[in-house]
Protein chains: 2
Amino acid sequence: MVGQDASCCPGLASAPLADVRATELAKVFKALGDPVRLRLLSMIASRDGGEVCVCEMTPAFDLSQPTISHHLKLLRQAGLIDCERRGTWVYYWALPGVLDQLAAFLTTPRAVTEVTVAEAAVVGVTTAEVTP
Amino acid sequence: MVGQDASCCPGLASAPLADVRATELAKVFKALGDPVRLRLLSMIASRDGGEVCVCEMTPAFDLSQPTISHHLKLLRQAGLIDCERRGTWVYYWALPGVLDQLAAFLTTPRAVTEVTVAEAAVVGVTTAEVTP
DNA sequence: CCTCTATATTGACGGCTTTCGATTCAAGGC
DNA sequence: GCCTTGAATCGAAAGCCGTCAATATAGAGG
């Protein structure tokens with residue numbers, strides 16, 4: 001699961017980046033390149049229930065309501081969050097897929113043995129299976 | 001080592017981001033938010049010797065020499081690369097520290113037991129120490 | 001149906017970014 | 001010293017971005 005994301009796309013340091021892929025990635029990084037959007041995304045991603053109402057985010061900033069709405073739109077267009085209207089309110093939640101892809105992209109490749117052992121552990125392999 | 005980077009600064013999804021830290025991080029993400037800079041950084045980071053001459057990067061793009069120089073400057077100001085003049089030529093290399101920090105920041109926290117076991121494995125703890 | 005509240009959209013303004021041509025600076029070779 | 005080559009800086013033009021006030025839309029409740 002996590003390992004597949006990392007293996008499907010070469011990381012930043014594994015080979016020179018192709019033009020098309022660089023453009024794709026730059027779009028997402030650009031969405032993260034604003035303090036307000038970073039705080040919004042963090043607010044949403046760190047929320048326990050997984051959802052945050054706009055009515056709760058707007059007063060957390062010294063910005064107008066349209067500005068917050070604009071930033072949320074950009075985060076949504078970058079594939080980082082999604083939303084749903086429920087009555088008068090709109091709720092946002094995080095989509096972890098793109099974030100995980102970015103993390104994998106930025107992660108500098110470690111030694112092969114370390115990666116293998118670590119991921120065996122994450123996947124849930126028992127210690128007996130790892131060492132005879 | 002890797003674990004310390006992750007633990008010193010709370011990740012995106014662990015708690016709402018503070019204003020100051022969001023501004024810091026946004027600066028780096030903004031530097032990554034351009035296809036040309038992403039390709040430049042990838043070219044540098046993926047190079048085997050670790051160093052790339054400007055004279056090699058400039059012709060790889062359909063852009064003027066001052067423009068490439070400008071992008072390299074932004075990457076350097078973001079703490080992602082550094083350079084040194086050697087005779088007539090200037091060589092750039094990647095500084096992995098900030099990249100690793102970003103990757104840790106973006107990585108969504110896994111279940112506690114998984115993390116513990118995985119990092120024990122990475123650090124090199126024997127299986128006997130992990131399970132009694 | 002009208003009103004009220006919550007959110008999104010529109011239009012405009014100032015500032016920042018990307019890009020270029022022209023120039024400058026640094027180092028080597030003659 | 002003077003010229004050549006590689007790279008950085010300067011100054012300007014075009015476009016994009018973050019922000020706001022004003023307006024539009026969606027739904028709830030009388």
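Numbered from 1 within each chain, the chains take letters A, B, ... in sequence-line order. Computed from heavy atoms alone, side chains included, the values below leave out hydrogens, waters and symmetry copies.
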Let me have the donor-acceptor pairs involving side chains of residues 83-97 of chain A, under 3.5 Å, with sequence neighbours excluded, atom names and distances please.
from: E84(A); atom 1: OE1; to: R86(A); atom 2: NE; distance (Å): 3.4
from: E84(A); atom 1: OE1; to: R86(A); atom 2: NH2; distance (Å): 2.9
from: R85(A); atom 1: NE; to: G87(A); atom 2: O; distance (Å): 3.3
from: R86(A); atom 1: NH1; to: E51(A); atom 2: OE1; distance (Å): 3.2
from: R86(A); atom 1: NH2; to: E51(A); atom 2: OE1; distance (Å): 3.4
from: R86(A); atom 1: NH2; to: E51(A); atom 2: OE2; distance (Å): 2.9

Under 3.5 Å, which donor-acceptor pairs link side chains of residues 16-35 of chain A to any protein atom two or more places apart or in another chain?
from: T23(A); atom 1: OG1; to: D19(A); atom 2: O; distance (Å): 3.0
from: D34(A); atom 1: OD1; to: V36(A); atom 2: N; distance (Å): 2.8
from: D34(A); atom 1: OD1; to: R37(A); atom 2: N; distance (Å): 3.3

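Note that CG of L41(B) and CG of L99(B) are 5.5 Å apart. Values are rounded to the nearest 0.5 Å. Atom CG of L38(B) and atom CG of L12(A) lie 7.0 Å apart (nearest 0.5 Å). Between S42(A) atom OG and F105(B) atom CZ the span is 6.0 Å, to the nearest 0.5 Å. Considering CG of L106(B) and CG of L102(A), their distance stands at 6.0 Å, rounded to 0.5 Å.
Of all nucleotides in DNA chain C, those with any atom nearer than 4.0 Å to a heavy atom of chain B start and finish, going 5' to 3', at dT18(C) to dG28(C).
Taking 4.5 Å as the limit, some side-chain heavy atom of L75(A) sits within range of a side-chain heavy atom of L40(A). Annotation: side chain of M57(B) is in contact with side chain of I44(B) (closest heavy-atom distance under 4.5 Å).
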Filtered N/O pairs between nucleotides 18-22 of chain D and protein, under 3.5 Å:
from: dG18(D); atom 1: OP1; to: R37(A); atom 2: NH1; distance (Å): 3.4
from: dG18(D); atom 1: OP1; to: R37(A); atom 2: NH2; distance (Å): 3.0
from: dG18(D); atom 1: OP2; to: R37(A); atom 2: NH1; distance (Å): 3.3
from: dT19(D); atom 1: OP2; to: H71(A); atom 2: NE2; distance (Å): 2.5
from: dC20(D); atom 1: OP2; to: S64(A); atom 2: N; distance (Å): 2.8
from: dC20(D); atom 1: OP2; to: S64(A); atom 2: OG; distance (Å): 2.9
from: dC20(D); atom 1: OP2; to: T67(A); atom 2: OG1; distance (Å): 2.7

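Among all heavy-atom pairs drawn from A60(A) and M43(A), the shortest one is CB-CE, 4.0 Å. In this structure, S14(B) and S46(A) approach most closely via the heavy-atom pair C-CB, 3.9 Å.
Qualifying side-chain hydrogen bond (donor to acceptor under 3.5 Å, both in side chains) partners for S64(A), counting only residues two or more places apart in sequence or in other chains: T67(A).
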Protein proximity profile, nucleotides 24-30 of chain D - base contact B, sugar-phosphate-only contact S, no contact -, cut-off 4.0 Å on heavy atoms: --BSS--

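Within the structure, no pair that satisfies the salt bridge (charged side-chain N to carboxylate O under 4.0 Å, His left out) test touches residues 70-83 of chain A, not counting sequence neighbours. The list of salt bridge (charged side-chain N to carboxylate O under 4.0 Å, His left out) pairs with a residue in residues 54-66 of chain B, not counting sequence neighbours, reads R47(B)-E56(B).
Counting non-hydrogen atoms under 4.0 angstrom, Y92(B) reaches the backbone sugars and phosphates but no base.
Using modelled atom types, no side-chain atom of S69(A) and backbone atom of Q65(A) make a donor-acceptor pair closer than 3.5 Å. A donor-acceptor contact shorter than 3.5 Å is absent between the side chain of T58(B) and the backbone of C55(B).
For DNA chain C, none of the residues of residues 19-26 of chain A falls under the heavy-atom distance limit of 4.0 Å. For the segment residues 51-58 of chain A, residues with any heavy atom less than 4.0 angstrom from an atom of DNA chain C are, sorted by number, C53(A), V54(A), C55(A).
Within the helix from dC1(C)-dG30(D) to dC30(C)-dG1(D), the inter-axis angle between the opening and closing five-pair segments is 10°, rounded to 10°.
Chaining together hydrophobic side chains whose heavy atoms lie under 4.5 Å apart leaves L74(A) on its own.
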